[in-house]
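In what follows, a structure is listed as structure tokens, so that the remarks can point back to it.
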Amino acid sequence: MMRSRRAAILVAGFVAFGLACAAYSLNRRSHAAAELEEAGRTLHRLISQRVDQHDAHLTSLSALVQAADPAPVATVEQVAASIIRFYPRIVGIDVVDLALSPPRSLLNAADPAMVAAEAGQAVGSNLRTRALDGGNRLLLVKRALTDGVGHYALALVIDMARLSASDTPLPDGTQAQLRLIEQGRTASEPESAFSAEIASRTQPLRLTLATSAPDWPLPPPAFLALAVVLVALAALLVDRLLEARIAAREAARKAVLAEQDARLAHAGRVNAMGELASGIAHELTQPLTAILGQAQAGRRVLAQPEPDPATLAGAFEAIARNARRAGDILGRLRAWISKSEPVVETVDLTELANEVVQLLSANAQGIGATLRVGGDGSRPLVQADRVQLEQVVFNLARNGLEAVEGRNGERAVTIEIGTQGRDAVLAVSDSGPGLSPEAQARLFEPFFTTKPAGLGLGLALCARLVERFDGVITGENAAGGGAIFSVRLPRVASEARQEAAE
Ligand code: ADP
């Protein structure tokens, strides 16, 4: 029961731990995705601005070459140098004279044939773009048109890595890549976390961000340790709460059982009243006969001419004494059958055994048996409900008397009181036939009886009551014949004797 509960808690703990790790990974993942998206948008904006600057440079250079004929090469060269100084991503600026054959480069920064070929394909003053070095550089070509015809072409060579460099650091493990979108080619899109076209009419570029971060990041050791500790604490708490609940239920169940036991015990005592009736009658006969005798004697004294007051006083005293005795007998019986709430108090076992002997003495006499209390004189004290414990001893002694009834030879039942270690022991032994093997195996089973009119509840009840007071009851055959039943209860300190007497 407890094992399966703990196993369930352990499984739940593992599941909780797994969920915590998954939640962490999910959170990190969405956080990283948001970060990447943000970085991508910022870089995209930045590149769009840079690209616009290329247009502006080409337009101003175009105006410059058209300012004079032939083009003012020295001025163009100076302007180009200053542009390159301010914009390191622009690695080359050239002007190609298309009127010459073959076309000639004025600033020697680009391949004139390539520039001429691109310029030849340009429609009007539109820009032409071309990837160089496998996409590492970009060639921009623009024709400087004068009256619809131009014999100069302007070229910018752009370093793609610098064009796509971010001002702010990108998230860890992130790579930015800028590619020229080739006309008519739908290149297969690489798997990327962010991808967007640069908003430029003249330079069709696509920015992609790729990340090498794992899709599902593992939680760091500190998180794992904290999760383990928290899950363990929660599991411990749940375990304790469940335990407390089970204990509360168990206590409630015990309370119900105790209530049932008390009723059963009461029924048992009322039942025993029938058996005790002849004994009671017999016990009451003595004081009543004495009272009657004394009353008659008193009357005789009064009939005399000079009644002796001393004799009369003696008779009244005897009447009073015997009436008290009869009252005591009835009081004891009333206490025995009354249905009082169980009260745990300090009980002197010897005193209790004597009470039982008093209750059963008439029955013992009736069957010619002796019933007595013996022991080592240690007078141990225990904690128990007096009436219920008395019933245990009563049941054992009555069983003993029933066992010796009609036996040839000695008919004796003895209640021995002694101590053993920390325990008090009360043993009821008899000189009966002893326990049959079947009885030995089923002694404390409810409704087990070998007697024609037996109920089989006496010993079962004894066991329940003794257990209630943290004791044990055993029954076996004595070495010298007959049965012996022992009740073992935790002993309380003898300082409690004072309290018991009160
Ligand atoms: P009951 O007395 O109504 O039969 P108990 O629970 O007191 O119920 O006893 C159960 C049975 O145990 C008895 O019927 C009897 O067979 C056996 N037993 C109890 N006490 C003794 C004893 N002192 N000697 C022999 N047998 C006994």
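In this text, all values refer to a predicted model and were calculated from it rather than measured experimentally. Just so you know, these numbers use all the heavy atoms, side chains as well, and skip hydrogens, waters and symmetry mates. Read the numbers this way: they start at 1 and go in the same order the structure lists the ligands and their atoms.
The residue Asn395 has no part lying near ligand 1, judged by heavy-atom distances below 4.0 Å.
The minimum heavy-atom distance between Asp308 and Val301, with the atom names listed, is N-CG1, 3.7 Å. Between Phe469 and Leu489, the shortest heavy-atom distance links the atoms O-CD2, 3.6 Å.
Within 6.0 Å of CG on Asn136 lie more than 12 heavy atoms contributed by other residues, nucleotides or ligands.
Closest to atom 4 (O) of ligand 1 among all protein heavy atoms lies Thr449 OG1, 2.5 Å. Of all protein heavy atoms, the one lying nearest to atom 10 (C) of ligand 1 is Phe448 O, 3.2 Å. Taking atom 2 (O) of ligand 1 as the reference point, the nearest protein heavy-atom neighbour is Lys451 NZ, 2.8 Å. In terms of protein heavy-atom proximity, atom 16 (O) of ligand 1 is closest to Thr450 OG1, 2.4 Å.
Each of the atoms 3 (O) of ligand 1 lies under 4.0 Å from some heavy atom of Gly454. Residue contact check: Ala483 has heavy atoms under 4.0 Å from atoms 22 (C), 23 (N), 24 (N) of ligand 1. Heavy-atom proximity to Gly434, at under 4.0 Å, picks out these atoms of ligand 1: 25 (C). Every atom of ligand 1 with a heavy atom of Leu455 under 4.0 Å away is listed here by number and element: 3 (O). For ligand 1, the atoms closer than 4.0 angstrom to any heavy atom of Leu443 are 12 (O).
The shortest heavy-atom distance from Phe485 to ligand 1 is under 4.0 Å. Not a single heavy atom of Gly482 sits less than 4.0 Å from an atom of ligand 1. Ligand 1 lies within reach of Gly456, whose nearest heavy atom is under 4.0 Å from it.
Classified by interplanar angle (parallel below 30°, tilted 30° to 60°, perpendicular above 60°), the ring pair Phe485/Phe444 is perpendicular.
A donor-acceptor distance shorter than 3.5 angstrom exists from the side chain of Asp348 to the backbone of Thr350, with no hydrogens or angles considered. Distance alone, capped at 3.5 Å, is enough to place a donor-acceptor pair between the Asn322 side chain and the Ala318 backbone.
Taking the charged nitrogens against the carboxylate oxygens, Asp167 and Arg50 do have a contact shorter than 4.0 Å, which makes a salt bridge. Classification of Arg464 and Glu467 as a salt-bridged pair fails, no side-chain N sitting under 4.0 Å from a carboxylate O.
For Glu402, no nitrogen or oxygen atom sits less than 3.5 Å from a nitrogen or oxygen atom of ligand 1, counting backbone and side chain alike.
Residues forming a salt bridge (charged side-chain N to carboxylate O under 4.0 Å, His left out) with Arg89 (at least two apart in sequence, or on another chain): none.
Only one option out of Arg411, Lys451, Arg407 pairs with Glu402 in a salt bridge (Lys or Arg N to Asp or Glu O under 4.0 Å); it is Lys451.
Between atom 26 (N) of ligand 1 and the options Asn399, Leu459, Leu435, Asp430, the minimum heavy-atom separation is to Leu435.
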